[in-house]
K.L.:
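My structure is below; once you've seen it, I'll send some questions.
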Amino acid sequence: MSRPPLTIAVAQPSCVSYDVETNVAAHAAIVRAAATRVVIFPELSLTGYELDAAPVDPADPRLAPLVAACTAAGAVALVGAPVAGEHIATLAVDGSGARVAYRKMWLGDVEARRFRPGPAPVVLDVDGWRIGLAICKDTGVVAHAEQTCAAGVDVYAASIVDAAAQAHVPDQRAMRICATHRVVVAVASFAGSTGGGYAETAGRSAIWSSDGSVLARAGTAPGEFVQATLT
């Protein structure tokens, strides 16, 4: 059975630390503007990279504007938040609501003081397209891409935060994953300030073809997104 083309966007919303309501509004605006089937947001995008932020419940009524935007756009938004059980997570949000889709498996040293590693790789199916999920340090661990792609994926979708001085790192990792696994890589990277000591983050969210060529790349400003259509 043939599958439709997949429209996908990577976004770097403006972020106010700890302010879930304001950040949800920024996410919802991007989902409406992008008008794509999938929108990927950075690590901890709903709270900022604040490692002491309160967990976000997928049933939190503050997420309602994002659910409504996904309903209107027919979109799945992959957003970052701390969740109960002490995990850094990706929430999948669509017209039916929000759920915890993936828990970060490879934690940074400071993150590990609070959070626990997630149990296993996750692959989402969207219209027959298989999307493997990753959060930041996961992308630098060869075994993570190996285990995720072994499940059969079309897209390796990563939510990250990097300092501006480390802007080259996501490119290097994406190229390695493309070359090794022949999958599309989509990386949503924070831009601007996002807390947690990140006064200036890297931006430059991007989508790479399975051959390693860049399909779309954002600049360094908060609020940008770029998109591509996969066939």
K.L.:
Looking only at side chains, do S205 and Q12 share a donor and an acceptor under 3.5 Å apart?
P.N.:
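Present: a donor and an acceptor within the cut-off.
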K.L.:
Write down the atom of A53, the atom of P82, and the distance for their closest heavy-atom approach.
P.N.:
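Of all heavy-atom pairs spanning A53 and P82, the closest is O-CG, 4.0 Å.
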K.L.:
Do Y102 and D138 get their side chains close enough for a donor-acceptor pair, meaning under 3.5 Å?
P.N.:
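Note: Y102 and D138 side chains meet the donor-acceptor criterion.
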K.L.:
Sequence neighbours excluded, which residues qualify as salt bridge (Lys or Arg N to Asp or Glu O under 4.0 Å) partners of R173?
P.N.:
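Testing R173 for salt bridge (Lys or Arg N to Asp or Glu O under 4.0 Å), a comparison that skips the adjacent residues, returns none.
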K.L.:
Starting at CH2 of W208, measure out to OG of S213 and round the result to the nearest 0.5 Å.
P.N.:
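Those atoms lie 11.0 Å apart.
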K.L.:
Hey, which of D154, D127, D125 is the one that makes salt bridge (Lys or Arg N to Asp or Glu O under 4.0 Å) with R3?
P.N.:
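Only one option passes, and that is D154.
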K.L.:
Distance from Q166 atom CD to Q172 atom CD, nearest 0.5 Å?
P.N.:
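Q166 CD to Q172 CD: 9.0 Å, rounded to 0.5 Å.
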K.L.:
With a 4.5 Å cut-off on side-chain heavy-atom distances among I, L, V, M, F, W and Y, is there a chain of contacts connecting V155 to L78?
P.N.:
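Yes; L78 is reachable from V155 via cluster members.
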K.L.:
Any sub-3.5 Å donor-acceptor pair from T7's side-chain atoms to R37's backbone N or O?
P.N.:
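Answer holds: yes.
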K.L.:
Flag yes if I40 and F190 sit in one hydrophobic cluster, no otherwise; membership is Ile, Leu, Val, Met, Phe, Trp, Tyr, and two members link when side-chain heavy atoms are under 4.5 Å apart.
P.N.:
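Same hydrophobic cluster.
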K.L.:
Do you know the tightest heavy-atom contact between I207 and V226?
P.N.:
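In terms of heavy atoms, the two residues are closest at CD1-O, 4.2 Å.
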K.L.:
Answer yes if the side chains of D162 and Y198 hold a donor-acceptor pair under 3.5 Å, and no otherwise.
P.N.:
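No - no donor-acceptor pair under 3.5 Å links their side chains.
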K.L.:
Using modelled atom types only, decide if a donor and an acceptor are shared between the side chain of T201 and the backbone of S193 within a distance under 3.5 Å.
P.N.:
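Checking the backbone N and O of S193 against the side chain of T201, no donor-acceptor pair under 3.5 Å is found.
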K.L.:
Begin with the C-alpha distance, continue with both residues' side-chain angles, and end with the deciding distance and a verdict on side chain to side chain contact (heavy atoms under 4.5 Å, CB included) for V187 and V185.
P.N.:
CA-CA 7 Å; V187 176; V185 176; 3.9 Å; yes
K.L.:
Show the nearest heavy-atom pair for residues P13 and H27, with the distance to one decimal.
P.N.:
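What the structure gives for the nearest pair is CG-CE1, 3.8 Å.
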K.L.:
Would you give the length of the straight line joining atom CG of L44 to atom OG1 of T90, rounded to the nearest 0.5 angstrom?
P.N.:
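Here the interatomic distance stands at 9.0 Å.
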K.L.:
Should L51 and V161 be counted in the same cluster of Ile, Leu, Val, Met, Phe, Trp and Tyr side chains packed under 4.5 Å apart?
P.N.:
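Yes, because L51 and V161 connect within a single hydrophobic cluster, where side-chain heavy atoms sit under 4.5 Å apart.
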K.L.:
Output the distance between atom CD1 (I131) and atom CG (L6), rounded to the nearest 0.5 Å.
P.N.:
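Nearest 0.5 Å value for the CD1-CG distance: 5.5 Å.
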K.L.:
Tell me the closest heavy-atom pair linking A188 and A11, and the distance in Å.
P.N.:
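The answer is CB-O, 3.6 Å.
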K.L.:
Is there a side-chain contact between K137 and H144 (heavy atoms, below 4.5 Å)?
P.N.:
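Of all side-chain heavy-atom pairs linking H144 with K137, none is under 4.5 Å.
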K.L.:
Linking I/L/V/M/F/W/Y whenever any side-chain heavy atoms sit under 4.5 Å apart, do I160 and V214 land together?
P.N.:
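Yes, it is one cluster - the side chains of I160 and V214 are joined through contacts under 4.5 Å.
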K.L.:
Please say whether more than 12 non-hydrogen atoms of neighbouring residues, nucleotides or ligands are located less than 6.0 Å from CD in E86.
P.N.:
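Result for CD/E86: enclosed.
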K.L.:
Going by the side-chain hydrogen bond (donor to acceptor under 3.5 Å, both in side chains) test, which pairs reach into residues 220-231, not counting sequence neighbours?
P.N.:
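Applying side-chain hydrogen bond (donor to acceptor under 3.5 Å, both in side chains) to every pair that reaches into residues 220-231, excluding sequence neighbours, yields nothing.
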K.L.:
Would you find more than 12 non-hydrogen atoms of other residues, nucleotides or ligands less than 6.0 Å from E21 atom CD?
P.N.:
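Not more than 12 within 6.0 Å, no.
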K.L.:
Looking only at non-hydrogen atoms, find the nearest pair between T139 and R176 and report the distance.
P.N.:
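That closest heavy-atom pairing would be O-NH2, 2.6 Å.
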K.L.:
Could you check if a side-chain atom of V183 sits within less than 4.5 angstrom of a side-chain atom of C178, using non-hydrogen atoms only?
P.N.:
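Side chain of V183 against side chain of C178, heavy atoms only: no contact under 4.5 Å found.
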K.L.:
For Y18, run the side-chain hydrogen bond (donor to acceptor under 3.5 Å, both in side chains) check against N23, D52, T47 and tell me which one passes.
P.N.:
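Considering N23, D52, T47, a side-chain hydrogen bond (donor to acceptor under 3.5 Å, both in side chains) with Y18 is found only for D52.
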K.L.:
Quick one: CG on D109 to CG on L107, what's the gap to the nearest 0.5 Å?
P.N.:
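Here the interatomic distance stands at 9.5 Å.
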K.L.:
If you round to the nearest 0.5 Å, how far is CD of E43 from CD1 of I88?
P.N.:
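Rounded to the nearest 0.5 Å, the CD1-CD separation comes to 5.0 Å.
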K.L.:
Looking at residues at least two apart in the chain, or sitting in another chain, which of them share a salt bridge (Lys or Arg N to Asp or Glu O under 4.0 Å) with R116?
P.N.:
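Salt bridge (Lys or Arg N to Asp or Glu O under 4.0 Å) list for R116, sorted by chain: empty.
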K.L.:
Quick check: is L230 connected to V126 through a chain of hydrophobic side chains (ILVMFWY, heavy atoms under 4.5 Å apart)?
P.N.:
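Yes, it is one cluster - the side chains of V126 and L230 are joined through contacts under 4.5 Å.
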K.L.:
Does anything in residues 63-81 form a salt bridge (charged side-chain N to carboxylate O under 4.0 Å, His left out)? List the pairs, not counting sequence neighbours.
P.N.:
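As it turns out, there is no salt bridge (charged side-chain N to carboxylate O under 4.0 Å, His left out) pair with a partner in residues 63-81 once direct neighbours are skipped.
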K.L.:
Do V31 and L66 make a side-chain contact, defined as non-hydrogen atoms from C-beta onward lying under 4.5 Å apart?
P.N.:
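Sidechains of L66 and V31: in contact.
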K.L.:
With D60, which residues qualify under salt bridge (Lys or Arg N to Asp or Glu O under 4.0 Å), at least two apart?
P.N.:
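Once residues adjacent in sequence are excluded, the partners of D60 under the salt bridge (Lys or Arg N to Asp or Glu O under 4.0 Å) criterion are R62.
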K.L.:
Grab the two heavy atoms, one from P55 and one from A84, that are nearest each other, plus how far apart they are.
P.N.:
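Scanning both residues, the minimum pair turns out to be CB-N, 3.8 Å.
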K.L.:
Considering residues at least two apart in sequence or located in another chain, which fulfil the salt bridge (Lys or Arg N to Asp or Glu O under 4.0 Å) criterion with R204?
P.N.:
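Residues passing salt bridge (Lys or Arg N to Asp or Glu O under 4.0 Å) with R204: D171.
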K.L.:
Does R130 reach the side chain of L124, with side-chain heavy atoms less than 4.5 Å apart?
P.N.:
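The answer is no; the side chains never approach within 4.5 Å.
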K.L.:
State, with a plain yes or no, whether a side-chain heavy atom of V93 is found less than 4.5 Å away from one of V67.
P.N.:
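SC-SC contact between V93 and V67 confirmed.
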K.L.:
With side chains defined as the heavy atoms from C-beta onward, is the minimum distance between W106 and P117 less than 4.5 Å?
P.N.:
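No, every pair of side-chain atoms sits at 4.5 Å or beyond.
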K.L.:
Could you tell me if the side chain of V83 sits less than 4.5 Å from the side chain of L91, heavy atoms only?
P.N.:
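When only atoms from C-beta onward are counted, V83 and L91 do touch, with a gap below 4.5 Å.
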K.L.:
So I8 and V184, do their side chains get closer than 4.5 Å, heavy atoms only?
P.N.:
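The answer is no, as the side chains (C-beta and beyond) never meet within the 4.5 Å cut-off.
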K.L.:
For residues H181 and Y156, establish whether the separation of their ring centroids is below 6.0 Å.
P.N.:
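Between Y156 and H181, which both carry aromatic rings, the centre distance is not below 6.0 Å.
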